[in-house]
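Quick caveat, the model's predicted, so the values are computed rather than measured.
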Amino acid sequence: MLDLILGTAGHIDHGKTSLVKALTGIDTDRLPEEKVRGITIDLGFAELALGDYRLGIVDVPGHERFVRNMLAGATGIDLALLVVAADDSVKPQTREHLEILRLLNLPAGVIALTKCDLPDPDWIDLVEAEVRDLVADTFLSRAAVIRTSAATGGGLAELKAALTAAAGQAARSPRVERLNAPFRLAIDRTFTVAGHGTVVTGSVASGRAALGDNLVVEPGGIAVRVRGLHSHDRPCEEVHRGQRAAINLAGIHHGQIHRGQELAAPGYLAPARILTAEIVLAAGARPLKNRSRVRVHLGTAELIASVVLLAGERLEPGGAAMVQLLLAEPAVSTWGQPLVLRSESPVMTIGGGSVLNPAARRLPRGDAEVLTRLAELRDGDAVARAAAALSFLGLAEWRPSDLTRAAGVDRPDEITQELVRRGDLLELTISAMRVLRVERRWLNSIFDRIETLLDRQHNEFPLRMALDRSRLVHQLDYLGPEPVIAAILNAMSRAGKLHESDRGVALPGRGPQLSKNEQKLLAEIVETFRLAGCEPPSVDDVRAATTRNQQSVNQLVALAVAEGQLVEIGGGFLLHAEVERQLRERLAERMSGGAGRTVSEIRELLGTTRKYAVPICEYLDRNGFTRRAGDLRYLAAETISREPV
């Protein structure tokens with residue numbers, strides 16, 4: 001038998017509770033105040049077996065002051081029973097409840113005309129026609145309209161038949177597939193039972209839970225254990241998707257839990273203060289301006305939020321938009337979950353929609369690429385949705401199971417493997433123990449940003465062969481610590497989009513673009529160092545001796561070093577590359593045979609002064625040409641060859 005949740009809807013005093021009692025024998029008005037006043041204030045529950053289907057009925061209040069309670073019960077339903085009193089016809093809460101049901105994207109429902117024993121048949125015909133006009137553009141446009149009377153029992157058999165047919169439609173909805181997803185229940189009531197402790201109730205939205213299971217209350221991250229289970233006042237070993245459940249919890253005081261929180265499998269839900277969603281503004285609502293404050297009804301929670309329009313400055317009535325909801329407090333949701341928007345004051349339903357990203361980061365407004373990727377989150381292809389969801393995760397750690405929450409996929413491991421096969425997932429090796437999997441398009445967008453930064457630097461320093469790597473890393477610090485940035489740069493280098501070296505980083509094909517005057521000056525600088533031999537000038541000396549383009553001297557010298565025309569030896573000195581080669585040859589010849597030489601002797605061999613001889617000797621030591629032992633230096637190759645084996 002398939003379990004489904006049926007929700008009632010309709011104006012106050014239109015006979016919803018009486019009709020449920022006539023169908024099931026259960027009076028859903030449980031509060032003393034409800035008995036006295038004759039109206040439903042909070043949620044009531046009953047059960048109705050119909051052939052292959054078992055309906056858990058959520059009877060909601062119809063008074064305008066209790067619409068928030070109605071929403072708490074309506075957000076978990078699979079099909080609806082819209083109730084209209086035949087002697088009263090369509091009323092304000094009829095319209096608002098219908099709008100809420102439409103926003104919840106339900107697949108099926110039935111319309112019941114109640115109290116048909118009171119008015120004349122001709123009047124009932126007029127009421128039915130008005131109801132038909134009301135639902136014409138909604139999911140109930142083809143729903144059965146059944147004339148009933150709870151007092152006489154008239155029409156109840158026909159209503160049960162119509163509900164059975166609607167349940168068959170609902171059974172084909174993707175909602176039913178959530179049976180195999182992780183367990184989730186939005187809490188609509190909490191209380192204590194003497195000798196047992198905390199009990200919560202709600203409609204099971206997905207998965208199953210059994211006695212002894214460990215669950216988590218979110219938001220809050222409170223670990224609890226299932227101590228007892230009831231469904232419609234019957235003890236059971238397990239509850240599953242589509243059932244009403246009362247769950248006795250160990251590990252939590254009832255004061256720690258409230259309506260609006262959710263009970264879920266550990267690791268399934270992630271509290272967030274930013275949701276990305278697609279919304280539709282009701283045709284009768286006022287235009288919605290960017291940054292407007294609204295009430296968001298999500299599961300059984302009601303939260304205040306600011307609506308950030310991701311395109312444009314206002315949303316017109318009847319229009320749809322991609323938005324981010326900046327919540328006043330954390331909430332949990334999943335991809336595709338319906339939500340309802342109500343104005344802050346006066347309180348009325350103004351629209352609704354569905355969650356696209358349940359744990360989002362702030363997004364730039366008016367970004368065409370972002371809007372395109374958000375549109376892909378609506379894609380019917382699970383792989384495309386998963387790729388889009390991962391593109392919004394960026395560098396965040398994730399597991400395949402997270403795709404169930406983030407993209408609504410049923411087989412996350414298979415989807416992940418398919419993303420790898422398609423090349424949509426790339427690996428960034430951060431360390432020997434840490435590898436991040438990132439979505440290809442997101443990484444390419446980071447590559448584009450880096451190329452833009454480097455292009456600006458190449459334009460700023462046109463004479464440099466390589467750019468300062470530390471400066472680039474600092475500009476990318478929003479991506480995370482240096483090892484993460486290094487991994488991104490390495491991936492960019494492997495893709496041929498970046499050159500990395502000891503001197504820095506550069507874009508392929510970018511380098512010095514010299515004017516004729518700069519080319520001439522570069523040649524003069526190099527010749528100056530060639531003629532200076534082993535007694536080279538400092539860069540400051542060269543700049544001071546230059547009569548034109550003095551500001552380019554440092555960059556031209558750096559260019560000559562990068563091209564191998566000059567060699568840095570330390571102490572602020574450089575040698576012409578040919579001079580450096582010749583001094584090596586001279587020393588190799590005069591120091592062969594294991595002869596050690598002092599700095600003074602090397603100075604004499606080179607025909608220079610101590611000012612230059614010291615940095616030259618130290619340079620040769622660093623480069624492994626010579627080896628120092630006390631005050632003497634030896635040819636390193638000969639020193640190694642004489643060491644005992």
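- Looking at heavy atoms from C-beta onward, V355 lies out of side-chain contact with T334 at the 4.5 angstrom threshold.
- The neighbour count for E316 CD, taken as heavy atoms of other residues, nucleotides or ligands under 6.0 Å away, is above 12.
- Around the CZ atom of R581, the shell of radius 6.0 Å holds more than 12 heavy atoms that belong to other residues, nucleotides or ligands.
- Here the side chains of V539 and V553 are in contact, with some heavy-atom distance below 4.5 Å.
- Contact of the L606 side chain with the Y612 side chain is not registered, since no non-hydrogen atoms from C-beta on lie closer than 4.5 Å.
- With hydrogens and angles left out, the side-chain atoms of R184 and Q337 include a donor and acceptor closer than 3.5 Å.
- Atom CZ of R543 has more than 12 heavy atoms from other residues, nucleotides or ligands within 6.0 Å.
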Determine, step by step, whether E460 and R471 satisfy the salt bridge (Lys or Arg N to Asp or Glu O under 4.0 Å) criterion, reporting the C-alpha distance in whole Å, the side-chain angles of both residues, the deciding distance to 0.1 Å, and the verdict.
CA-CA 13 Å; E460 184 179 353; R471 177 179 178 181; 3.2 Å; yes
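- Under the 3.5 Å distance criterion, the side-chain polar atoms of R440 are left unmatched by any main-chain donor or acceptor of S391.
- A salt bridge between R530 and E527 is present, with a side-chain N of the basic residue lying under 4.0 Å from a carboxylate O of the acidic one.
- At a threshold of 4.5 Å between non-hydrogen side-chain atoms, the residues E369 and P364 do not count as touching.
- Nearest heavy atoms, F447 versus I488: CE2-O, 3.7 Å.
- At least one donor-acceptor pair closer than 3.5 Å links the side chain of R385 to the backbone N or O of A407.
- Judged by distance alone, with hydrogens and angles left aside, the side-chain atoms of N290 form a donor-acceptor pair with the main-chain N or O of L309 at under 3.5 Å.
- Of the possible polar contacts, none joining the N623 side chain to the F625 backbone as a donor-acceptor pair under 3.5 Å is found.
- For the residue pair N490 and S493, no side-chain donor N or O sits within less than 3.5 Å of a side-chain acceptor on the partner.
- Using a 4.5 Å heavy-atom cutoff, the side chains of V224 and V216 are not in contact.
- In terms of modelled atom types and a separation under 3.5 Å, the side chain of W442 and the main chain of L395 share no donor-acceptor contact.
- Looking at T429, its side chain never comes within 3.5 Å of a backbone N or O of V435 through a donor-acceptor pair.
- Counting all heavy atoms, side chain and backbone alike, T626 lies closest to C617 at OG1-O, 4.1 Å.
- Counting heavy-atom neighbours within 6.0 Å of R456 CZ, excluding the residue itself, gives a total of 12 or less.
- Applying the salt bridge (charged side-chain N to carboxylate O under 4.0 Å, His left out) definition to pairs two or more places apart or across chains, those involving residues 596-621 are D621-R633.
- Summarising the geometry of T416 relative to P400, their closest heavy-atom pair is OG1-CB, 3.5 Å, with the distance given to 0.1 Å.
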Identify each donor-acceptor pair in which a side-chain atom of residues 319-330 lies under 3.5 Å from a protein atom, sequence neighbours left out, and give them as a table.
| residue | atom | partner | partner atom | Å |
| --- | --- | --- | --- | --- |
| Q324 | OE1 | L363 | N | 2.8 |
| Q324 | NE2 | T276 | OG1 | 3.0 |
| Q324 | NE2 | R361 | O | 2.8 |

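- Proximity of a side-chain donor or acceptor of N459 to a complementary backbone N or O of D455 within less than 3.5 Å is detected.
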Assess whether salt bridge (Lys or Arg N to Asp or Glu O under 4.0 Å) is satisfied between E418 and R421, documenting all intermediate values.
CA-CA 5 Å; E418 179 63 16; R421 189 191 68 79; 2.6 Å; yes
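- Listed for the R441 side chain is no donor-acceptor partner under 3.5 Å among the backbone atoms of L443.
- Taking the side chain as every heavy atom from C-beta outward, F392 and L377 approach each other to under 4.5 Å.
- Between the side chain of R622 and the main chain of I569, a donor-acceptor pair closer than 3.5 Å is present.
- Considering all non-hydrogen atoms of both residues, I430 and P483 come closest at CG2-CB, 4.0 Å.
- Surrounding CD of E585 are more than 12 heavy atoms belonging to other residues, nucleotides or ligands, all under 6.0 Å away.
- Two residues are said to be in side-chain contact when any heavy atoms from C-beta on lie closer than 4.5 Å; N549 and Q551 meet this criterion.
- Judged purely by atom type and a 3.5 angstrom limit, Q550 uses its side chain to pair as donor or acceptor with the backbone of T546.
- Looking only at side-chain heavy atoms (C-beta outward), L298 and L275 come within less than 4.5 Å of each other.
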